[in-house]
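This report refers to the structure that appears directly beneath it.
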There are 2 protein chains.
Amino acid sequence: MRILVVEDEHRIAQAVKEGLEQESYAVDVAYDGEDGYNSATADEYDLILLDVMLPSMDGYTVCQKLRADGIHTPILMLTAKDQSRDVVKGLDTGADDYLAKPFPFEVLLARVRALLRRPHETAREVLQAADLTLDPSAKSVERGGKSIALSSKEYALLEYLLRNQNKVLSKNNIMTHVWDFDADILPNTVEVFIAYLRAKVDKPFKGPGLIQTVRGFGYKIGS
Amino acid sequence: MRILVVEDEHRIAQAVKEGLEQESYAVDVAYDGEDGYNSATADEYDLILLDVMLPSMDGYTVCQKLRADGIHTPILMLTAKDQSRDVVKGLDTGADDYLAKPFPFEVLLARVRALLRRPHETAREVLQAADLTLDPSAKSVERGGKSIALSSKEYALLEYLLRNQNKVLSKNNIMTHVWDFDADILPNTVEVFIAYLRAKVDKPFKGPGLIQTVRGFGYKIGS
DNA sequence: TAAAATATTTAAGCGAACTTTAAGCTAGGG
DNA sequence: CCCTAGCTTAAAGTTCGCTTAAATATTTTA
């Protein structure tokens, strides 16, 4: 198994490299974002450890660009602080997991094993309903060939609806899945975001909208 | 899969419980360490979510005692902050993974799945009587291929009848099961809703209706 | 770093859909 | 043929979801 470590602090990079090599992984190191991106595109890795704070190109950008290139190698992001916002941002850009520094090496190993154990998709996944498509790796949405710009919450909501096509999702269900589990919002917030989504996804197009209200139960996308 | 959540903040415990239940895990909650320990030893769980900060016995101690008892159920520890020391301590006492609060619900789900090593899938259940079908996840009802639109009470009533096929359900029984426990309604309300249902589910179709009155006792669906 | 632009969340009002009640009517069983 | 359980109808009451707008956060730009 071949692992790429993108980390600018040499001391850490070295320690991680040695530790992983002791577990008989093959490890390459890149010391800045640009370099990391190039290595990741040039070679085929089974896993990428990606620091967020990097010279020349930050981790989020590297991740985003790799996913946009159709590279689906599992990415484990290393964040300096464990701030929920950073985590969300990391996962939004396509990372598979994250780990807050500093971490015990055993934890890193556990995460690495978990990600490598996981069978990962090679095919590009695209969610679709009628003529609406959503590409999770590119975070892009199109309808009838026209690209649609969504905010991150709007996007998250649409993705959740699409991943549960034909299922009716209650506002509560949506609240716990699309917002942080302890987010303190009202059901009305969901209604408002549904309205925003409809304005962008349904209104500008002919025919009955794709996003359906199921009164008393919630919302549904699909037939 | 049965999961035990040990967490003293009720709001969080509730949110986690509901979220996991929506993924069709069976979830029990304990609100302090002592309680959590007792539940964990009394029942067989497939996974334990264990908060560190707990009244009466902290998470480390619970974990340690469980391991000492020879209970090897995977434990996912929830720490308030991502302090390396806490994490090490947690893993030292026998936890399998940890997660720093607050976290997006999807991250919790990912960890839970990883620990249970279970690909996520939900089998679709469909209730049926003659040519009438009801799909709980889509909240949809069809008869003879034709879709039928029901209000939420109508739907709840039909679902209850279908889940108790061939059983006669008294108006009182229906009142307590379909309406809120403390709802203050008259038996006549049930009659009215039975009529609404019949108008949508039976009248437009040939033959004797599926919803039968059992005079003096109640209603029944099925043969 | 302040200002401006965006994004998110809350709040209130309205109209439509749904629920419940009440009263008179129908019909089954003795 | 009477009595009562069940049915029907329509009006009153309630809830739900949509909209709009204003209040907060957050991110970007200058």
Side-chain angles (χ1 to χ4, degrees), chain A residues 58 60-61 64 83-90 92-93 139 141 148-158 160-161 168-176 178-180 182-203 208-209 211-221, chain B residues 102 104 139 141 148-158 160-161 168-180 182-203 208-209 211-220:
Chain A
D58 73 43
Y60 301 130
T61 313
Q64 209 157 28
Q83 290 191 318
S84 189
R85 187 169 318 146
D86 294 346
V87 173
V88 173
K89 191 169 170 188
D92 276 355
T93 58
K139 307 287 170 201
V141 175
I148 297 174
L150 299 181
S151 78
S152 75
K153 272 274 148 36
E154 288 163 1
Y155 173 87
L157 174 54
L158 182 59
Y160 186 57
L161 289 170
V168 175
L169 304 168
S170 72
K171 276 175 246 196
N172 268 305
N173 185 319
I174 291 172
M175 281 159 70
T176 58
V178 174
W179 275 260
D180 272 1
D182 62 345
D184 196 15
I185 50 163
L186 309 169
N188 174 246
T189 305
V190 176
E191 293 167 9
V192 172
F193 271 81
I194 287 285
Y196 289 161
L197 260 189
R198 281 176 169 151
K200 293 182 176 182
V201 164
D202 277 338
K203 285 240 180 81
I211 300 168
Q212 299 167 45
T213 301
V214 184
R215 195 175 215 277
F217 294 102
Y219 301 93
K220 185 181 82 162
I221 211 162
Chain B
K139 309 285 176 207
V141 175
I148 298 174
L150 299 181
S151 80
S152 75
K153 271 275 145 39
E154 289 162 1
Y155 174 89
L157 174 53
L158 181 59
Y160 185 59
L161 290 170
V168 176
L169 304 167
S170 73
K171 277 175 240 190
N172 267 305
N173 185 323
I174 290 172
M175 281 158 71
T176 57
H177 281 85
V178 174
W179 272 259
D180 276 356
D182 58 350
D184 194 16
I185 47 165
L186 310 168
N188 173 245
T189 306
V190 177
E191 293 167 7
V192 172
F193 272 82
I194 288 285
Y196 289 161
L197 262 188
R198 282 176 167 151
K200 293 182 175 182
V201 164
D202 277 338
K203 286 241 181 79
I211 301 168
Q212 300 165 47
T213 301
V214 184
R215 198 177 164 78
F217 295 99
Y219 301 91
K220 184 180 83 161

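Each chain gets a letter, A, B and so on, in the order the sequences are listed, and its residues count up from 1.
To the nearest angstrom, P of C:dC25 lies 17 Å from CD of B:Glu191. As a whole-Å value, the separation of B:Lys171 NZ from D:dC7 P is 7 Å. As rounded to whole Å, 12 Å separates atom P of D:dC7 from atom CG of B:Asp202. Per the geometry, CD1 belonging to A:Ile194 stands 17 Å off P belonging to D:dC16, to the nearest Å. Taking atom CG of residue B:Asp184 and atom C1' of nucleotide D:dG13, one finds them 14 Å apart after rounding to whole Å.
Taking only side-chain nitrogens and oxygens, B:Arg198 never comes nearer than 4.0 Å to OP1 or OP2 of D:dT8. At C:dT19, none of the side-chain N or O atoms of B:Thr189 fall inside 4.0 Å of OP1 or OP2 (strictly under the cut-off). Considering only side-chain N and O atoms, A:Arg215 lies nowhere under 4.0 angstrom from the phosphate OP1 or OP2 of D:dT15. Remark: A:Trp179 is in phosphate contact with C:dT9, judged by side-chain N or O atoms under 4.0 Å from OP1 or OP2. For the pair B:Ser152 and D:dC16, the criterion of a side-chain N or O lying under 4.0 Å from OP1 or OP2 is not met.
Residues satisfying the salt bridge (charged side-chain N to carboxylate O under 4.0 Å, His left out) criterion with B:Lys171, sequence neighbours excluded, are B:Glu191.
At the heavy-atom level, B:Ser151 lies under 4.0 Å from the strands shown only through sugar-phosphate atoms. Within the 4.0 angstrom heavy-atom criterion, only backbone atoms of the sugar-phosphate kind lie near B:Thr213; the bases stay farther away. Contacts of A:Tyr219 with the nucleic acid, taken as non-hydrogen atoms under 4.0 Å apart, involve only primed sugar atoms and P, OP1 or OP2.
Here the closest non-hydrogen pair linking B:Val190 and B:Met175 is CG2-CG, 3.5 Å.
Not a single donor-acceptor pair, N or O on each side, falls under 3.5 Å between the base of C:dT6 and the side chain of A:Tyr196. Contact of A:Asn188 with D:dT19 (side chain to base): a donor-acceptor pair of N or O atoms is detected under 3.5 Å.
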